[in-house]
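Shown next, in structure tokens, is the structure this report addresses.
All residue numbers in this chain count up from 1 along the given sequence.
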Amino acid sequence: MQGHRIGYIRVSTVEQNTVRQLDGIQLDKTFTDKCSGKDTNRPQLALMLDFVRDGDIVFVHSMDRLARNLDDLRKLVNKITDKNVTVQFVKENLIFSKDSKNQIANLMLSVMGAFAEFERSLIKERQLEGIAIAKKEGKYKGRHKSLNQEQTIELNKMVADRYKKVDIAKKFGISRYSVYRYLNQTENI
């Protein structure tokens, strides 16, 4: 019996288009995450890992769509292939299965994964350089504040009324760290 043809798609933001990743590949089921690949804590990835069975093939557009660093990439590929499921990276034209756990396949995974990780670090470095230049020229103002003045006043009142910081963060859809940041900003005014 032939297994399912499963697609795993990941984009970093909700606005990004997922169509081009596995376009033209006949799939029985697709799992799509719209979040960063910096860690493996992704809801659709977890569902896909639970769903796949012996004989299935998982298609992924490229290695960086599955993982952003070499350690995570190796772990995920091993986790999938240990279930007797094949992983096929379309862009790199590489296929990994339980049977192909040989030295050449491991070398290719390591080399290609290392290139993906290196490319990601270069992108981050260029982004930081661009931000530094923009700041120097006065063009970069940083991220927009999550809360307006009215919400900041309400946040401060809730803190004064001894609400838990975690509850305040949930109410405004921000992190606890951001709650403290807003408090520090008002104290310094």
Side-chain angles (χ1 to χ4, degrees), residues 1-134 140 142-143 173 175 177:
M1 181 180 100
Q2 190 173 6
H4 292 97
R5 295 169 60 88
I6 311 299
Y8 177 72
I9 296 172
R10 185 193 62 76
V11 290
S12 299
T13 65
V14 176
E15 295 85 27
Q16 287 179 314
N17 192 340
T18 60
V19 175
R20 72 168 184 88
Q21 285 192 22
L22 296 175
D23 190 34
I25 297 174
Q26 186 65 40
L27 300 169
D28 298 314
K29 188 161 181 63
T30 304
F31 295 88
T32 304
D33 274 315
K34 293 187 176 188
C35 58
S36 172
K38 65 183 173 187
D39 63 41
T40 58
N41 227 356
R42 294 174 251 147
Q44 290 294 303
L45 177 63
L47 288 173
M48 187 268 296
L49 291 171
D50 284 342
F51 180 83
V52 293
R53 299 287 181 264
D54 188 346
D56 289 351
I57 302 173
V58 174
F59 292 87
V60 184
H61 175 69
S62 62
M63 289 180 170
D64 69 332
R65 299 294 91 199
L66 187 60
R68 285 288 194 193
N69 67 59
L70 188 54
D71 288 339
D72 287 346
L73 181 63
R74 279 189 186 137
K75 286 176 189 170
L76 285 169
V77 168
N78 287 333
K79 193 175 211 174
I80 295 168
T81 57
D82 284 347
K83 293 178 144 197
N84 205 26
V85 173
T86 300
V87 180
Q88 182 169 344
F89 295 104
V90 178
K91 183 179 173 186
E92 293 89 355
N93 195 26
L94 292 173
I95 300 171
F96 297 92
S97 66
K98 197 169 195 165
D99 300 338
S100 72
K101 283 193 177 178
N102 61 40
Q103 303 312 340
I104 298 295
N106 286 331
L107 175 65
M108 289 305 293
L109 181 67
S110 295
V111 169
M112 297 303 286
F115 274 121
E117 189 174 340
F118 178 67
E119 180 183 30
R120 172 77 176 134
S121 69
L122 288 177
I123 290 169
K124 239 178 156 174
E125 186 177 316
R126 285 193 300 265
Q127 181 184 24
L128 291 173
E129 287 171 357
I131 290 171
I133 291 168
Y140 184 81
R143 189 172 166 207
S175 68
Y177 173 77

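Rounding to the nearest 0.5 Å places OG1 of Thr86 at 9.0 Å from CZ of Phe59. Distance CD1/Ile80 to NZ/Lys98: 13.5 Å, rounded to 0.5 Å. Rounding to the nearest 0.5 Å gives a distance of 8.0 Å between CD of Glu92 and NE2 of His61. Within the model, atoms CE of Met48 and OG1 of Thr32 stand 11.0 Å from one another, a figure rounded to the nearest 0.5 Å. Distance CD1/Ile6 to OG1/Thr30: 8.0 Å, rounded to 0.5 Å. Taking CG from Leu128 and CD1 from Ile123, the interatomic distance works out to 12.0 Å, rounded to the nearest 0.5 Å.
Contacts classified as salt bridge (Lys or Arg N to Asp or Glu O under 4.0 Å) and involving residues 122-134 (residues at least two apart or in different chains) are not found.
For Asp56, there are no salt bridge (charged side-chain N to carboxylate O under 4.0 Å, His left out) partners two or more places apart in sequence or in a different chain. Looking at residues two or more places apart in sequence or on another chain, you find no side chain to side chain donor-acceptor pair (under 3.5 Å) involving Arg65. For Asp72, the side chain to side chain donor-acceptor pair (under 3.5 Å) partners at least two apart in sequence or on another chain are Asn69. With sequence neighbours excluded, the residues satisfying side-chain contact (heavy atoms from CB on, under 4.5 Å) with Phe118 are Ser121, Leu122. Residues that satisfy the salt bridge (charged side-chain N to carboxylate O under 4.0 Å, His left out) test with Arg68, not counting sequence neighbours, are Asp64.
For Asn93, the CG atom sits in a loose shell: 12 or fewer heavy atoms of surrounding residues, nucleotides or ligands are nearer than 6.0 Å.
For the pair Asp54 and Val85, the tightest heavy-atom approach, listed with the atom from each and the gap, is N-CG2, 4.3 Å. Minimum heavy-atom separation, Tyr140 to Ile131: CE2-CG2, 3.7 Å. Contact record, Ala67 with Leu76: CB-CD1, 4.3 Å, taken as the closest heavy-atom pair. What you find for Ile25 and Val90 is that their closest heavy atoms are CD1-CG2, 3.5 Å. In this structure, Asp28 and Gly3 approach most closely via the heavy-atom pair OD2-O, 4.4 Å. Looking at every heavy atom in both residues, Leu94 comes nearest to Met63 through CD1-CE, 3.5 Å.
A donor-acceptor pair under 3.5 Å is formed between the side chain of Arg5 and the backbone N or O of Gln26. Side-chain atoms of Arg10 never come within 3.5 Å of backbone atoms of Leu66 as a donor-acceptor pair (strictly under, hydrogens ignored).
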Would Tyr8 and Asp33 count as a side chain to side chain contact (heavy atoms under 4.5 Å, CB included) here? Give the steps. CA-CA 8 Å; Tyr8 177 72; Asp33 274 315; 2.7 Å; yes
Side chain to side chain contact (heavy atoms under 4.5 Å, CB included) between Gln21 and Val11, worked out: CA-CA 9 Å; Gln21 285 192 22; Val11 290; 3.4 Å; yes
Give the intermediate values and the outcome of side chain to side chain contact (heavy atoms under 4.5 Å, CB included) for residues Phe89 and Leu73. CA-CA 12 Å; Phe89 295 104; Leu73 181 63; 4.0 Å; yes
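Note on ring orientation: taking the six-membered ring where Trp is involved, the planes of His4 and Phe51 are tilted (angle from 30° to 60°).
Using a 4.5 Å heavy-atom cutoff, the side chains of Ile9 and Gln44 are not in contact.
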